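Please read the structure below before turning to the comments.
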Protein chains: 2
Amino acid sequence: MNDVARAAGVSMMTVSNVLNDRPRVGEETRRRVLDVVADLGYEVNLTARHLRSGRTDTVAFVVPGFQTYFDEIADRLAAAFGEQGRHLVVESTGARPENELAALSSVRLSMYDGVILSVVGLTRAEIEGVRTTAPLVLLGEVEVPDRFDHVMLANAEGAELATARMLATGSRRIAVVGGDSEGSQDGGMAATRRAGWVRAHERAGLVADPALVAPAVGVGPEVGREAVRHLERSGVDYDGVFALTDSTAVGVLAGLAEAGRRVPQDVQVVGFDNLDLAEFTVPGLTSVDPGRDAVAQHAARLLQRRIDGATPEPEHVVVPVRLVERGSTRASQGHPPAHREPPRTS
Amino acid sequence: MNDVARAAGVSMMTVSNVLNDRPRVGEETRRRVLDVVADLGYEVNLTARHLRSGRTDTVAFVVPGFQTYFDEIADRLAAAFGEQGRHLVVESTGARPENELAALSSVRLSMYDGVILSVVGLTRAEIEGVRTTAPLVLLGEVEVPDRFDHVMLANAEGAELATARMLATGSRRIAVVGGDSEGSQDGGMAATRRAGWVRAHERAGLVADPALVAPAVGVGPEVGREAVRHLERSGVDYDGVFALTDSTAVGVLAGLAEAGRRVPQDVQVVGFDNLDLAEFTVPGLTSVDPGRDAVAQHAARLLQRRIDGATPEPEHVVVPVRLVERGSTRASQGHPPAHREPPRTS
DNA sequence: GTGAAAGCGCTAACAT
DNA sequence: ATGTTAGCGCTTTCAC
């Protein structure tokens, strides 16, 4: 930068001003500086800028693993922050609580203008211990202390919706399949969604059979297929499956196919997340849509206001869910649902 | 850090030495410093360290989009670099060439100890213009100048393998479905894989029908489903589909299901990438396995030696592929294939 | 509209 | 084994 300044016959300060599009620079000076910059191929050192100004123009999205669900959110976040000239980087904790905690340390936080952390493994107490004033938004289906901004899904409601839907079209033995991410704590996503499954039964005057809860760890398709295999082996009677995530549901569909069960005639299936993929399974997967757009939008908004330096009341957003119906559930009689997609035509 | 030094009664340099696990510090001094650090809750400023030392302990993986294919590579890269105490961050270019170029600018490169860039949209000429000595490894199915390290797949061979497999079990009208990522250049992945499809026909003494090439842009499932719909509408005869990516193949399977075509009896399907998902489609998807482990391993290795400061001859690695057979292709007679997975049992 | 001085927090190099 | 000096490249502050 010194070189540029000298070559342009100005001070470093003027070069800095030009490069940052600051107003009080003469038009001619600006041209000259830019020419020299182009000539010399000069590029600012972002690290030095960061050290001096505290700004990185980069936001981190820290996820438990590189997965489709987070991909779809990351895309939206990247778009939101891109509009304001900020970069998004994605980091993975590998679902290890110690890495989640590390992401909350000032060390890592200081690398970014702000951080959006998807929490799965930390206890409330561990989060409680976090001392930071850096812009931070928590995402995820766990309890977090009041003083943090937090975006989560209406998990219980979604699970209830999914279960009720299958009950409404005749299923009476609905298995719950799937668990939490590996390394996650109790009281997280799985427990909450299972509670929704129970409540749907209660509301219908039925009793959910605990034998139909497949204990499992993990959110991937292996979990779904294994659970179905287990159900088949154990000879338990079932005519519906609520998969805690779409990814698991994909495994459930594979398991049912290999067992020769027809979907939805013999067994109805509903997932949770409404991944883009849900439209392309065979049959199409009825799924709880968590409003990913809303999740990303809220997260971006909450982080933005922290970055802007405001210290508002922390917000705890619960994003509403809806059910998107596809071929893995039987057509419901009478009142057509709001969001059934048009039937596929050849 | 100054505070820590003072409180511990030592100089900043000693604190720095302790924090960096450098050898020449007395055991007692080390204890005392660490105590004070814990007491004061001091944490190093990574930016300052970076500015001074030039080291960030962070490596970037720049991808065209947050997608399953790259997720699976990112996981492996994160593991590889994690072992050496480096962080991996993933950035997306949105498949926009200008962003790929930006990732290659010194500005961005200087943020990281090294960068692995997955190229889809840049022309050879554009890459040629890149002047950088920063540790950089290029990934992807495009031509790149000799002076860069580059890891790519055996695309043509894989496509040939896929096509030949369907020819061997009776398909004679094999459609090619899928395109390049949006924003990518000609001569990339799609062209190369289509060439493999042609060559497989030639080797079998057959002629590939250009009418069976579905012109398409994009690598997602929509592309696959739309292509099948188009084939059906146009009344073209076909009894096999080579999908350029597994993601597209998933859409193909959905399209075939909605058209009432049985897989593999009426139409065989082979994909490319062997995503984890391929094991869970209905039926299971026969797919070309690009050796993701090898891709990640080579990329990590090549980047590592650059980071280590070596300036070796650039390497151009072509990772070999193999075919993993599942239910979307008919059983081959006679010589059983090396990699057919065990049949699913209930 | 432009420049000079100061310093962000750390570490390399060289003392001691 | 520990301390001193200097400076990484930029921007903030204040003066002109």
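Since this is a predicted model, take the numbers as computed values, not measurements. By convention in this document, chain letters (A, B, ...) are assigned in the order of the sequence lines, proteins followed by strands, and residues within each chain are numbered from 1.
Rounding to whole angstrom units, CZ of residue B/R55 and C1' of D/dC8 are separated by 14 Å. Following rounding to the nearest Å, B/R22 (CZ) and C/dC10 (C1') show an atom-to-atom distance of 10 Å. Computed from coordinates, the B/L51 CG to C/dG7 P distance equals 17 Å when rounded to whole Å. Rounded to whole angstrom, the span from the CZ atom of A/R49 across to the C1' atom of D/dT12 amounts to 14 Å. One can place CG of A/N20 at 15 Å from P of C/dT2, the figure rounded to the nearest angstrom. Between the C1' atom of D/dC14 and the CE atom of A/M13 lies a distance of 11 Å, rounded to the nearest Å. The nearest whole Å value for the distance from the CE atom in B/M1 to the P atom in D/dG3 is 12 Å. Protein atom CD of A/E43 is 14 Å distant from nucleotide atom C1' of D/dG9, rounded to whole Å.
Annotation: side chain of A/R86 is in contact with side chain of A/D113 (closest heavy-atom distance under 4.5 Å).
Note on A/S11: every side-chain N or O is 4.0 Å or more away from OP1 and OP2 of C/dT2. Contact annotation: A/T29 reaches the phosphate of C/dT2 (side-chain N/O to OP1 or OP2, under 4.0 Å). Close to C/dT2, at under 4.0 Å from its OP1 or OP2, lies no side-chain N or O of A/T14. Applying the 4.0 Å criterion to OP1 and OP2 of D/dT2, one finds that B/R32 has every side-chain N and O outside that range. Distances shown here put every side-chain N or O of A/N17 at or beyond 4.0 Å from the OP1 or OP2 atom of D/dT11.
Within 3.5 Å, a donor on the side chain of B/R52 pairs with an acceptor on the base of D/dG7, or the reverse.
Expressed to the nearest 0.5 Å, how far OG1 of A/T58 lies from CG of A/L46 amounts to 8.0 Å. Here the straight-line distance linking atom CZ of A/R76 with atom CZ of A/F61 works out to 11.0 Å at 0.5 Å rounding. Taken from CD in A/E91 to CG in B/L88, the straight-line distance is 8.5 Å, to the nearest 0.5 Å.
In this structure, the nucleotide among D/dT11, D/dC10, D/dC8 sitting nearest to the side chain of A/N45 is D/dC10. Considering only side-chain atoms of B/V44, the nucleotide from D/dT11, D/dG3, C/dC10 that sits closest is C/dC10.
Of the two residues contacting DNA chain D, namely A/N2 and B/V25, the nearest-nucleotide position lying further toward the 5' end is that of B/V25.
Using a 4.0 Å cut-off between charged nitrogen and carboxylate oxygen, B/R292 and B/D273 do not count as a salt-bridge pair.
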